[in-house]
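This report refers to the structure that appears directly beneath it.
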Amino acid sequence: MFGQFFQTIFQADFLFIIIRITAPILFAALAAVISEKAGVANIGLEGMMMITALFGFLFAYWTQSWVVGVLGAMLVGILLGLMMGFFSFKLKTDIILSGIAVNMLGTGGTIFLLYMFTGLRGNTGALVSPNILIPTIDIPLINKIPVLGEILSGHAILTYLAFIFVFILRIFLYRTPLGLKIRAVGENPNAASSVGVSVTRMKYIAIAMSGALAGLGGAFMSMYYSQGWNQGMVAGRGFIALAAQAMGRGEPVGAMFSSLLFGLAQAMKTKVSGLRGMASYNYLIEMIPYVVTIIGLVFYAMSIKRKARRHQLKPIKEKLS
Amino acid sequence: MRDKRMVLFGFVRGAAAIALALAVGTIFIFLSSDEPFTALKYLLIGPFVSFHGGVTAFNTQNFYQVLAAMIPTIFTGLAVCVMFSANQFNLAAEGCVLVGGFVGALVGIYVNMATGWHAVICVLAATVVCGLIMLIPSILKVKLGASEMVTSLMLNFVLLYIVLHFLNYHFADRSKGATMTYPFLDSAKISSIVPGNSKLTWGFVIALVISFVIWVFMYRTRWGYAIRMIGINESFSLYSGMNVGGTIVLSSVIGGMLSGMGGSLEVLGRYNTFVWRELPGYGWTGVTIAILAKNNPGLVPLAAFFLAYLNKGCQLMSTHSDVPSEMIDIIQAAIFLFFAAEQFLSGYRQKLVVKTTREELMRAESLKATEGE
Amino acid sequence: MEANEFVVRMEKITKIYPNGIAANRDVDFTIRKGEIHALIGENGAGKSTLMKILFGLEQPTDGTIYLNDERVTLSSPLEAISKGIGMVHQHFMLVSSLTVAENIVLGMAPKKGGLFIDYKEAVRLTREYSERYNLFVEPDARVADIAVGMKQKVEILKALVRGAQVLILDEPTAVLTTQETVELFQELKNLKEQGFTIVFISHKLKEIKELTDRITIMRAGRSVGVYDTDSISEQEISRLMVGRDVVLKMDKPESVPGERVLCVEDLHYINEWDKKMLDGISFSVRQGEIVGIAGVEGNGQRELVDILFGLKMPDSGDATIDGQSLIGLPQARIRTLGVSYVPEDRMTFGVAQTANIQENMVSDRYSQKRFNKGPLFNMKSLYDESDKLIMDYAVLCKSRAQEVGMLSGGNIQKVVVAREFSSDPILIIADQPTRGIDVGATELIRNKLVELSRAGAAVLLVSADLNEVMELSDNLIVMYNGQIAGYFDDGQWDDLMMGEYMLGLKRQSDEEIRRACHA
C-alpha cells in the first residue's frame, strides 16, 4: 500500500498538480499579504473569491473572452475591497465583521446573483465553452527538458502569473514609494499620518489590491480549475490563504512556500483517494491542510513567543532566589 | 440626561440600519423579479399571514416554523455572545454545531436508555464534547498567542472532515441511497410542543431558558463579570488580579458547549437520522445574532426571531415568486454591515454629545457662580 | 503692529471630544514670526490638543485659524505640512523597521525610472539637510537601532525636509539626557537664527526661561495669559499654571515608621533595546511612611513599578513583601499579599471605560465571599460597596450605573483610587496618582494617601510632579539613570537640590544611599 503511495507521490505529474493546486491559494495568500502589510485583516477573501469567480465567468461568457473575464473578476474584487474599506474605515465596522459580511455575500449572494443574471440555479455548467476558459501554454525550451518540462510547462497563464506576482509584490512592497507607504501605515499608522501619508487611503489601496489578487484567484477557480462556477468551489481556500499569510510571516516569498505546502497536502488528497486501500481515508487526507495550518500557526506563535520571552514574564521556576 | 438620549439614539440607529438593509433587499428584488410586489409581500408578511383562497388569516404553522428555526441559532447566538464578550473572535461555533449534532445523533442511535433520560444524555454528551473541542483554539490563544480567529476557522474544516469520515466509513446506513446514519431511537428524539409538522420542539423552550441562564451568568455571576471586563479591557482585568487566561478559555468552552447543545437539539428534534453533509451555517448566523443583540444574551431570542422571520420570508418568497431564497444572505450581510458600523449616523451622535457637554459645563459654571456668592 | 507679524493666529478654539471631554475652551493663541514660543501647562491643560489642531490632526469644534493672516482650515496633517507647519511629537512618529533615510522621505520619496524609490537620492537628501542644519544622523541606520537623541533629530529633519517654517515640539526634552538637551537647545537656537519659528511645549520652567522669547500659559483647557518670557518670573508662571501659589508643605502628622513591608534588593533590568534601565536598586518601605521616588521620567521608575507589580521580570535581584518574594507572581497573588496599585495610565490599566462605575469599583474583589451568594453575585452588597466608595471619595456622577468613560479625568481617577485604597492594603504603589486631574481630586487623593499611611500602610509614591513628591513624602529617593542618586530622610529638601540629583549633577556616597534599605 505505501509502496504504491510513494510511487504515486514521486512522479512528474504529481508535482505538476501541486503547482496547479497551489496557484489559487497563492493568489489569495498574496491578497492576504498585501492587506495585512497595511494592517488590514482581510477575512473576506473566501467570499471575494466566490463572487469574483462568478463574475469572472459571467464576464467571460458574455464577451466570449477569457481576458475580459479575468479583468472583470479583478475589477469586481477591487470593488468588493473598496466596499469593505468603506464600511470599516469610514463607518468603523470592525474589519473582521465586514469580512464576514463579504463571506455571507459569497455563500448565498452569489447564487442569488447567478439567478438574477442568468436564470440558472447553483452552477454554470450549461454555459461553459472552451474559448472562455483560461488557456494553458507550453514554454518553449523548458518543455523539451525531461521531467522538469513535464512539471513546469503546460500550465495555465494565470498559474505562471501567480508565481510571478510573488516577486512583483515583493518589489512593490520594498522598492516603490507606494509600497513604502503601505508598510509604514501597517507598522505605525501615526508615523505615516504625521508626514501626511493618508492612512485611510493607503488602507483603501491595499484592500483594493487585495481584492484584485483575490479576483485573480477567483477567476482561476471558475475559468480554469473547476471549468465553470459552482457553489462549493472555493472550499475554504480564502481561509487557508489567511493561514498561509500568517505562516509565511506576512512576506510574499514566505506565503508562496506555505501555499506550496497546502498545495502539496491537497494534491496528496486527490492522489491518495484514487489508491486501493487508501480510499476510505479520503476525508481525513482532505483534512490535512487544515491541520497543517493549525500546527504551522502553533509553531509560528511559539517562535514569536520564544523571541519575546526574555522580556515577558518568565516561568516561576526560573525565579531568582 | 445624556444617557437617555444615547439609549434613544441607539434604538433609532438600529432601526435605521435594518430599514436600510431591507431597502437594499428591495432594490435587488426589483432588479431581479418580474413580480416584485408578490415577492415583497411574501418576504415581509408571508411568515405570519396566509393568503389562501383570498382570505388572509394568521398562519399558525408558519409561525411555529419560524419559532422552530430559532432553536439552533439562539444557541449559536448565545455562544458567539459569550465569546465575543471576552473579545475572542472565535468562529468555531459553526463546526461545533455540526459535531454536537453528530455526537447527539450517535448517542441517540447506539446507546439504549429509558425515554426521558436518553435525550438528556444525548444533549449532554454533545455539550461536553463541544466544550472540550473549544479547548483547542482557546488554549492555543492563551498559551501561545495563536490567533483564535484563524485556528477556529481551520478547526471548522477539521471538524467537518472528521464528521464526514466517521459518517461515511463507520456509521453509515448502507441500505440507504444517500449517506446517512441509522435512525435515532424514539427515546432520543426531542418531541414537539405543538401539534403539526412544524418541528417546534421542547428545544425551543430550552433555548429560551438557556438564554435567561446565560444572561444571569453574564450579568449576575463573578465569571460572567470577569468575561465582560476582560472583553472591555484585558490589561485592566489583568491588573485587577483576574485570571485572564482561564477566563478566556472558560468563555470559549461555554461557547462550544452552547453550540454543541444547539446542534444536538436541532438534529434530534428535526430529523430522524443524521443527514448533515456540510457545515450547517448556524455559526455564522450566530455571529449576526450576537451583533444584532449587541452581545447581550437577553436580546438574543429577539435577534434570532428577527432573522428566522426574514429567513422564512425569503423561503416563502422563493416558493411563491421568482426570487431565490438566497436573498437572505444579501439582506443579512447588509444588516450586519450597517449594524456593526460604529460611525453609522455618528455625526448625529457627536452633535448630541457636544450639546449635552455644553449644557453640563454651563450648569457646572452657574453652580460655581452661585456657590461663590 | 504689522499685519503679518503673526505667522499663526488661532482664535476662540474650542474642542470637545466625542466622549464629551472639553479639551480646549475659547483658546486664543498667536505666534510671531521667528520667535521661540513656549506653550506651558500641566498635563491635561489642553496644550497637546491645541497643537494637534494646528497640525491638522484634530478638527476644532469651534474657532478659526489664520496663517499669515489668511484664514485656513487644516483638515489633515498633509494640509498643515503643505502650509509650512511641522510637528515633532512627544512619542516619536517613526517606523522602526525602516531606515532613517526612508523615514525622512516617507510620503515624498524620490523616484527613479518613474516607479522605484531612488534610495541613494533619499540618503543624499538626508545628508544635505543634516549638514545644512547641523543635525547629525546616520541615513542608513534602521530607526529601531538608533538612540533617542538621534530619533528626535530625524523627526526635526522630517519636518524641515518638508519645508516647515513653523516647528512644533511637544515636550522634546522629556526623553533626552542632559547632554542631548544642551545639544537640542543649540540646534533650536541655530534654527531660529535661520528664520524658523518654533513652538516649544514643556513644563520645565528652567528650559523655558533659557530658550524662549514668549510664553503662553494654559490651564484647564483655557489660555490664562501670554507674556514675554523675560518679564515673568518662574514663580509667577507656576502660579498661573496651577492656579494657586504652590503649597510648600502639607500639614501632615509625624510619621512613625514600623516594620519593613517592601524590601527591594539589588534589582537589575535591561530592556529589549539592551539599555540598562535598572542598575542595582535597593531600598525598603516601612509601615506608616510614604517613600517618594523623584526623577526625570525615563530614569527607571517605570521599570521598577512594572517589576513590583508583576509585569516585568528583573534580570537579577529580588523584591519581597513581608519576606515573601513577589518576583514572577501573577497580579492576583501580588494583590492577595496586600499590595494595591494606582497605575500611571489609568485608561489602560485603571478602568474598563465602557463598564459602569459599580463594575469598575469591584474589579479586584468581586470574587470575595461577601459579594457572592453561591454561584450568584450578591447584587445588594456590590451596590452597597460601590455606593459607599462613591460617597467616601466624592465621585461626581449620576449614579453607580454610569459609564466610567463618561466621567471627567479627575472622577475616573477617584474611581481607581477608591478601589485601590479601600482593599486594606499593606503596601500602596501610587504611580503618578494625580497626573492631569483637577485640583479638587488631587487634594482628595493626597489627603487619602497621608491618611492611609498614618493608619499603618506603607506607601511608595512615584511621581514626575516634583512638588507632589516633596510635599507628600516622609522619605525621598531620587532616581537617575537606573540608580538611586540620593536618599533623603530628614525632610530638608527643596527643588533646587532635587534638581541637581535628578539631573545627575550630584550623587550621594554609596553609604548614604544604602540607608534607604533601613537594614
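Lettering follows sequence order; numbering is per chain, from 1.
- Residues from residues 411-429 of chain C that place a non-hydrogen atom less than 4.5 Å from a non-hydrogen atom of chain B comprise R419(C), given in numerical order.
- Heavy-atom pairs under 4.5 Å with chain B were tallied for I334(C), N360(C), T336(C); the largest tally goes to N360(C).
- Of residues 243-256 of chain B, not one residue has a non-hydrogen atom less than 4.5 Å from any non-hydrogen atom of chain C.
- Between chain B and the residues V351(C), D345(C), D364(C), the largest count of heavy-atom pairs under 4.5 Å involves V351(C).
- Atom CZ of R220(B) sits about 11.0 Å away from atom CG of N378(C), to the nearest 0.5 Å.
- Both the backbone and the side chain of F349(C) come within less than 4.5 Å of a heavy atom in chain B.
- Between chain B and the options A332(C), S340(C), A352(C), the largest number of non-hydrogen pairs under 4.5 Å is found for A352(C).
- Close approach to chain C, defined as a heavy atom under 4.5 Å from one of its heavy atoms, is seen in Y225(B), A226(B), R228(B), M229(B), I232(B), N233(B), S235(B), F236(B), L238(B), Y239(B), S240(B), G241(B) of residues 224-241 of chain B, taken by number.
- Note that the CD atom of Q368(C) and the CZ atom of R222(B) stand 11.5 Å from one another [nearest 0.5 Å].
- Annotation: K143(B), atom NZ; neighbour count of heavy atoms from other residues, nucleotides and ligands within 6.0 Å does not exceed 12.
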Indicate every side-chain donor-acceptor pair of residues 204-219 of chain B with a distance under 3.5 Å to a residue at least two apart or in another chain.
residue: S211(B); atom: OG; partner: A207(B); partner atom: O; Å: 2.9

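- The number of heavy-atom neighbours closer than 6.0 Å to CH2 of W223(B), taken from other residues, nucleotides and ligands shown, is above 12.
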